[in-house]
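Notes for the one structure printed next.
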Amino acid sequence: MFVLVLGHRKGLAKALNGLEIPFGVWNHKEIFNAKGSQFKVEAPYPQNKTEFLSKIPKNYPQKITHVIAGSEESVLIANHIRSWLNLETQDHRMLLRTIDKSFAKNFCFQKKLPLTPFKSPGHFNSCTFEELSQTLGLPFLAKLRRSSGGRGQVRINAKADFVGKDWSQYLFEKIYIGTEGSVESFVENGKILFSSLTSYARLGKENHIPGHFSEDSSINQKIIQDALALNTQVIKEIGIQKGMTHLEFILTKEGIILGEMAHRPPGGYIMDTLNLVYNLNFWEFWARLECGLSTKDFSPEMPNCCASIILHPGAGTVNNIGNAKNILRVIPELKKFKIKIQHGDLIEKRVGTGNDIGHALFKSNNRQGLLRAIERFNNEFELSITK
């Protein structure tokens, strides 16, 4: 067995090392900490078989038995590579339903799934700003068809934001006010093996597992049941047979509305948070699924309440980082704290949830203890910038 990983994920590399599965990594940008990989390619993903073979080290193409896509950008090309190497492929249309917002929205609309109102490519060439604002309201969002984590997203507040721009690769969508969350699932032979809910306590900044959406326990349980039911329906309709899924949803006054479905692990340190919640290695579980290995010993239980905080203060120059060295010692529930910057560093504008200058992971045996620890962290950790 030999695995080609497209889109480096450190957790996956560590899991493959633990399983003693040899692997190589291809990433579209510089790779850090690809420990254990037999080779690494740092280049744009290949557009054809000739380009692929020219950049993969000699003698490795015939060794590759599995290709794992670790990022949104690599899902389709991973399937092409499987085809070039005569490996088992996945249904191309199914993959499009998980990475192309236009294709996905139109498909889910046809299946009568609950969606935010939208206008997809192919429609808005004939739509004026007035027509779009009347249909979607103001402000509305323009989202890149093939992007994730908010990258390339534009908020259209007025006509000046809209006119004179090329929107051919965008989807227009109504902004819904509500609580956002996600469902992470593992699927094998079309069957859901396991699902977990994440609530976005602060969108793009703070995630909680298990997901919590109401202080009323009966209402909270109903929301969880509805989210899981929607997740099951979407996986079935899209036709996902194997791997990990990440469904994003919005809880509105009208009920739960589908955001997007991704066929890959989530970002925002959700995988690391899952590991803390269930005391299991979810990267290894995903690797086992992708490689066709047994998952029968994977039996998640939920003894913990956990959260991740993603740090990014906005663009500017760091002028103060206080209490960073001692904060792990004074907050027992804080299990991991990483800061990537120092005094005087220039922080660039955040272009997506994948951009951060550090993160913190919390673990408690009850929700109230978790909330107290997060509050203490927010009060004691000091980070200030000059814009």
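Values in this document were obtained by computation on a predicted structure and should not be read as measured data.
Checked against a 6.0 Å centroid threshold, the rings of Phe282 and Phe194 count as neighbours. Taking the six-membered ring for Trp, Phe52 and Tyr45 have ring centres at least 6.0 Å apart. Here Tyr200 and Phe213 keep their ring centres 6.0 angstrom or further from each other. Note: Phe162 and Phe172 meet the aromatic proximity criterion, with ring centroids under 6.0 Å apart.
If you check the side chains of Asp356 and Tyr269, you find a donor sitting under 3.5 Å from an acceptor. No donor-acceptor contact under 3.5 angstrom links the side chains of Tyr170 and Ser102, judged on distance only.
For residues 53-62, the side-chain hydrogen bond (donor to acceptor under 3.5 Å, both in side chains) pairs, not counting sequence neighbours, are Gln38-Tyr60.
Within the 4.5 Å cutoff, the side chain of Ile347 has heavy atoms near those of the Ile357 side chain. You'll find the side chain of Leu274 reaches within 4.5 Å of the side chain of Ile209, heavy atoms only. By the 4.5 Å heavy-atom criterion applied to side chains, Ile99 and Leu76 are counted as neighbours. Two residues are said to be in side-chain contact when any heavy atoms from C-beta on lie closer than 4.5 Å; Val3 and Ile64 fail this criterion. Looking only at side-chain heavy atoms (C-beta outward), Lys14 and Lys35 stay at 4.5 Å or farther from each other. Between Ile270 and Glu184, some side-chain heavy-atom pair lies under the 4.5 Å cut-off. The shortest side-chain heavy-atom distance between Ser185 and Asn231 falls under the 4.5 Å cut-off. Two residues are said to be in side-chain contact when any heavy atoms from C-beta on lie closer than 4.5 Å; Ile310 and Arg350 meet this criterion.
At least one donor-acceptor pair under 3.5 Å links the side chain of Ser74 to the backbone N or O of Ser71. Asn207 contributes no side-chain N or O that, together with a main-chain N or O of Ala201, makes up a donor-acceptor pair within less than 3.5 Å. Judged by distance alone, with hydrogens and angles left aside, the side-chain atoms of Asn79 form a donor-acceptor pair with the main-chain N or O of Gln90 at under 3.5 Å.
With respect to Lys29 and Glu42, no salt bridge is recorded, no charged nitrogen being found less than 4.0 Å from a carboxylate O. Taking the charged nitrogens against the carboxylate oxygens, Glu72 and Arg264 do have a contact shorter than 4.0 Å, which makes a salt bridge. Of the charged side-chain nitrogens involved, none lies within less than 4.0 Å of a carboxylate oxygen, so that Asp272 and Lys336 do not count as a salt-bridged pair.
Of the residues Arg145, Lys105, Lys101, the one that meets the salt bridge (Lys or Arg N to Asp or Glu O under 4.0 Å) test with Glu173 is Lys105.
Follow the hydrophobic side-chain contacts under 4.5 Å out from Val67 and you never reach Met1; the two are in separate clusters. Grouping the Ile, Leu, Val, Met, Phe, Trp and Tyr side chains by contacts below 4.5 angstrom, directly or via other members, places Trp167 apart from Leu141. Transitive grouping of hydrophobic side chains (ILVMFWY, heavy atoms separated by less than 4.5 Å) brings Val183 and Ile219 into a common cluster. Residues Ile238 and Leu96 share a single hydrophobic cluster, defined by chaining ILVMFWY side chains whose heavy atoms lie under 4.5 Å apart. Residues Phe109 and Ile235 share a single hydrophobic cluster, defined by chaining ILVMFWY side chains whose heavy atoms lie under 4.5 Å apart.
The 12-atom threshold is not exceeded at CD of Glu88, counting heavy atoms of other residues, nucleotides or ligands nearer than 6.0 Å. Within a 6.0 Å sphere centred on NZ of Lys242, heavy atoms belonging to other residues, nucleotides or ligands number more than 12. Counting non-hydrogen atoms of other residues, nucleotides and ligands closer than 6.0 Å to NZ of Lys165 gives a total above 12. Environment of CZ in Arg367: crowded, with over 12 heavy atoms of neighbouring residues, nucleotides or ligands closer than 6.0 Å. By the neighbour-count criterion of 12 heavy atoms within 6.0 Å, atom NZ of Lys340 is densely surrounded, having more than that number from other residues, nucleotides or ligands. The neighbour count for Glu348 CD, taken as heavy atoms of other residues, nucleotides or ligands under 6.0 Å away, does not exceed 12. Under a cut-off of 6.0 angstrom, the local environment of CD in Glu254 is crowded, with over 12 non-hydrogen atoms contributed by other residues, nucleotides or ligands. Crowding of Phe39 atom CZ: a count of heavy atoms from other residues, nucleotides or ligands under 6.0 Å exceeding 12.
The heavy-atom pair separating His208 from Leu371 by the smallest distance is CE1-CD2, 3.7 Å. A pairwise comparison of heavy atoms in Val41 and Pro57 identifies CG2-CD, 4.5 Å as the closest pair. For the pair Gly243 and Leu289, the tightest heavy-atom approach, listed with the atom from each and the gap, is O-CD1, 3.8 Å. Minimum heavy-atom separation, Ala43 to Trp26: O-NE1, 3.0 Å. Pairing each heavy atom of Ser214 with each of His212, the nearest pair is O-NE2, 3.0 Å. Closest approach of Arg97 and Glu237 over heavy atoms only: NH1-O, 4.2 Å.
Phe129 and Phe140 have tilted rings, their planes meeting at an angle from 30° to 60° on a 0 to 90° scale. Note on ring orientation: taking the six-membered ring where Trp is involved, the planes of Phe362 and Phe377 are perpendicular (angle over 60°, cut-offs 30° and 60°).
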Could you go through the side chain to side chain contact (heavy atoms under 4.5 Å, CB included) check for Glu333 and Lys363 one step at a time? CA-CA 5 Å; Glu333 295 86 358; Lys363 174 180 175 180; 5.9 Å; no
Criterion side chain to side chain donor-acceptor pair (under 3.5 Å) on Arg376 and Asn379, from CA distance to verdict: CA-CA 5 Å; Arg376 186 174 181 186; Asn379 290 335; over 6 Å; no
Taking it one step at a time, do Glu73 and Arg146 satisfy salt bridge (Lys or Arg N to Asp or Glu O under 4.0 Å)? CA-CA 8 Å; Glu73 302 87 347; Arg146 297 191 181 184; over 6 Å; no
Apply side chain to side chain donor-acceptor pair (under 3.5 Å) to the pair Asp216 and Ser218, showing each step before the final yes or no. CA-CA 6 Å; Asp216 185 310; Ser218 61; 2.6 Å; yes
Side chain to side chain donor-acceptor pair (under 3.5 Å) for Asn319 and Ser384? Distances and angles first, verdict last. CA-CA 6 Å; Asn319 57 35; Ser384 60; 2.4 Å; yes
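The distance from atom OG1 of Thr295 to atom CH2 of Trp286, rounded to the nearest 0.5 Å, is 15.5 Å.
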